[in-house]
Amino acid sequence: MTQSTLTPSTSTAEIQAMDAAHHIHPFSNSGALNRLGSRVITRSEGVYVWDSEGNKILDGMAGLWCVNMGYGRQELIDAATRQLGELPFYNTFFQTTHTPAVDLAALIASVTPGDLNHVFFANSGSEAIDTIIRTTRQYWQIQGKPYKHILISRENAYHGSTVGGASLGGMSAMHKQGAPTLPGIEHIRQPYWYGEGGDQSPEDFGLACAQALEDRILAVGPDNVAAFIAEPVQGAGGVIVPPANYWTEIQRICRKYDVLLAADEVICGFGRTGSWFGSQTLGIEPDIISMAKGLSSGYLPIAAVAIGDRIANALLEWDDEYAHGFTYSGHPVAAAVAAANIRLMQSENIIDYVASDIGPYFQKQLRDTLANHPLVGHIEGLGLMAGIALVKDKSTRALFSDDVNIGLICRNHCFNNGLIMRAVGSRMVLSPPLIITHEQVDELVTKAKHCLDLTMKDVNAG
Ligand code: PMP
């Protein structure tokens with residue numbers, strides 16, 4: 001064991017060496033990462049972060065799809081400080097509650113769509129997803145139908161990294177690691193028109209993808225299916241916006257077979273698509289939703305599941321203990337920050353800003369600046385999230401071979417040129433803070449174009 005010797009003057013190389021020696025990173029190849037050395041992020045303001053070498057970087061990913069209200073917001077810092085002094089922790093298990101949890105639950109219920117009036121707290125998106133798995137199944141048990149327990153999800157969906165989340169998600173690499181996955185989960189095709197639609201129109205493809213749900217429900221038996229779960233717009237899968245008719249049809253099918261509809265709003269929630277929730281933008285009326293990330297703008301870890309009257313009333317009438325929860329469910333400091341964050345979103349009219357001003361501007365600037373680039377096959381997005389498909393051949397949509405890691409090449413150029421843009425395979429994804437200005441969008445797209453040019457040069461030199 002080495003003694004920590006970090007001081008403000010510790011060099012980047014020393015921090016990297018300690019990081020390599022003691023810190024296992026999430027979603028990383030630890031060996032390769034340690035050879036390269038981690039980039040050390042030291043401070044932040046607005047839409048920018050700085051690294052330990054003093055480089056200023058435009059954060060096109062809002063941290064990890066979460067710093068929706070931007071860095072350095074005094075209102076959120078004050079809310080945390082106040083709450084730490086007053087009541088830093090108390091649980092909500094044994095006939096107790098506290099005002100931050102009550103206040104936040106009511107506030108969430110006031111911004112969620114439909115009758116999603118009941119809120120259960122967790123600490124991460126993954127825990128919220130596990131809560132959806134258990135709660136939808138428990139609902140059917142209470143109805144006297146314990147066999148109605150199968151959950152249907154989609155290929156290339158991301159629902160977190162706990163055993164429940166990884167099993168429910170549709171990431172094949174995650175299924176293989178730590179296998180076997182949970183039983184009772186089925187996956188259907190994703191509505192990725194550009195990548196998988198072939199010659200079909202988006203409408204025909206949207207119908208075919210929704211039809212896959214009906215086919216699977218019939219294959220396993222409607223009486224055995226508890227719920228269908230999906231992200232309104234796939235995020236970690238590469239920002240994939242489904243064809244316009246997809247969700248209407250999915251919803252019709254769920255209702256027809258009495259299958260609960262769960263929307264994973266961990267990324268789409270809190271303004272990302274130009275509404276409080278992606279369900280509102282896409283016309284979805286879910287029975288239950290998960291949220292995290294933008295709920296507190298990432299300042300503290302907190303997540304929640306908003307439960308509709310149908311499921312909540314069943315739990316209430318059941319009149320028995322639901323044996324589910326976390327020590328930090330509704331943590332007072334995290335809850336106080338989340339409540340302050342929602343009030344800040346309201347007082348700054350951020351939803352309107354994304355819906356009718358900066359969202360459309362961002363989408364237009366991306367297309368005007370990048371659509372003609374030889375590497376860019378397709379750009380899709382909604383509000384302040386976008387996915388850019390990098391291709392070898394625009395006319396055939398052909399991808400680069402696996403040995404050309406085009407996304408990683410581009411991501412590295414971005415980082416070295418003052419922009420954080422994430423790579424998901426060969427797709428580049430963007431999800432900047434919602435407070436981004438027009439000038440900062442211009443800066444973002446100019447940098448993105450420059451980095452695509454550098455990527456193109458590497459490929460040609462290749
Ligand atoms: N669901 C979705 C849609 C997500 O994007 C994520 C995280 N990217 C999760 C769940 C899991 O959230 P967490 O990492 O907080 O566990």
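The figures that follow rest on heavy atoms only: side chains count, while hydrogens, waters and symmetry mates do not. For the single chain, residues carry numbers from 1 onward in sequence order. We count ligands from 1, going down the list as the structure has it; atoms in each ligand are counted the same way.
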Visitor: For atom 14 (O) of ligand 1, grab the closest protein heavy atom and report residue, atom and distance to one decimal in Å.
Guide: Ser126 OG, 4.4 Å
Visitor: What do we get for Lys293 next to ligand 1 when only non-hydrogen atoms under 4.0 Å count, side chain, backbone, both or neither?
Guide: side chain
Visitor: Are the aromatic rings of His187 and His175 close, with centres under 6.0 Å apart?
Guide: yes
Visitor: With a 6.0 Å cut-off (strictly less than), is the heavy-atom count around CG of Asp402, excluding the residue itself, greater than 12?
Guide: no
Visitor: Using a strict cut-off of 4.0 Å, indicate which atoms of ligand 1 neighbour a heavy atom of Ile267.
Guide: 5 (O)
Visitor: Measure the shortest side-chain to side-chain distance between Arg427 and Leu390 over non-hydrogen atoms and say whether it is less than 4.5 angstrom.
Guide: no
Visitor: Short list, please: which atoms of ligand 1 are under 4.0 Å from a heavy atom of Glu231?
Guide: 3 (C)
Visitor: Which is it for Ala292 and ligand 1 at heavy atoms under 4.0 Å: side chain, backbone, both or neither?
Guide: neither
Visitor: Tell me: protein heavy atom nearest atom 1 (N) of ligand 1, and distance?
Guide: Asp264 OD2, 2.6 Å
Visitor: Determine, using ring centers only, whether Tyr192 and Phe205 are less than 6.0 Å apart.
Guide: no
Visitor: Side chain, backbone, both or neither: which applies to Ala236 and ligand 1 if a contact is any heavy-atom pair less than 4.0 Å apart?
Guide: neither
Visitor: Does the ring center of Phe120 lie less than 6.0 Å from the ring center of His324?
Guide: yes
Visitor: Provide, to 0.1 Å, the distance between atom 15 (O) of ligand 1 and the closest protein heavy atom, together with that atom's residue and name.
Guide: Gly125 N, 2.8 Å
Visitor: Do Arg137 and His149 get their side chains close enough for a donor-acceptor pair, meaning under 3.5 Å?
Guide: no
Visitor: Please evaluate residues Glu86 and Arg82 with respect to the criterion salt bridge (charged side-chain N to carboxylate O under 4.0 Å, His left out), reporting the C-alpha separation (whole Å), side-chain torsions for both, the decisive distance (0.1 Å), and the verdict.
Guide: CA-CA 6 Å; Glu86 204 168 299; Arg82 253 194 325 270; over 6 Å; no
Visitor: Need the ligand 1 atom indices (1-based, order shown) with element for anything under 4.0 Å from a heavy-atom of Ser124.
Guide: 15 (O), 16 (O)
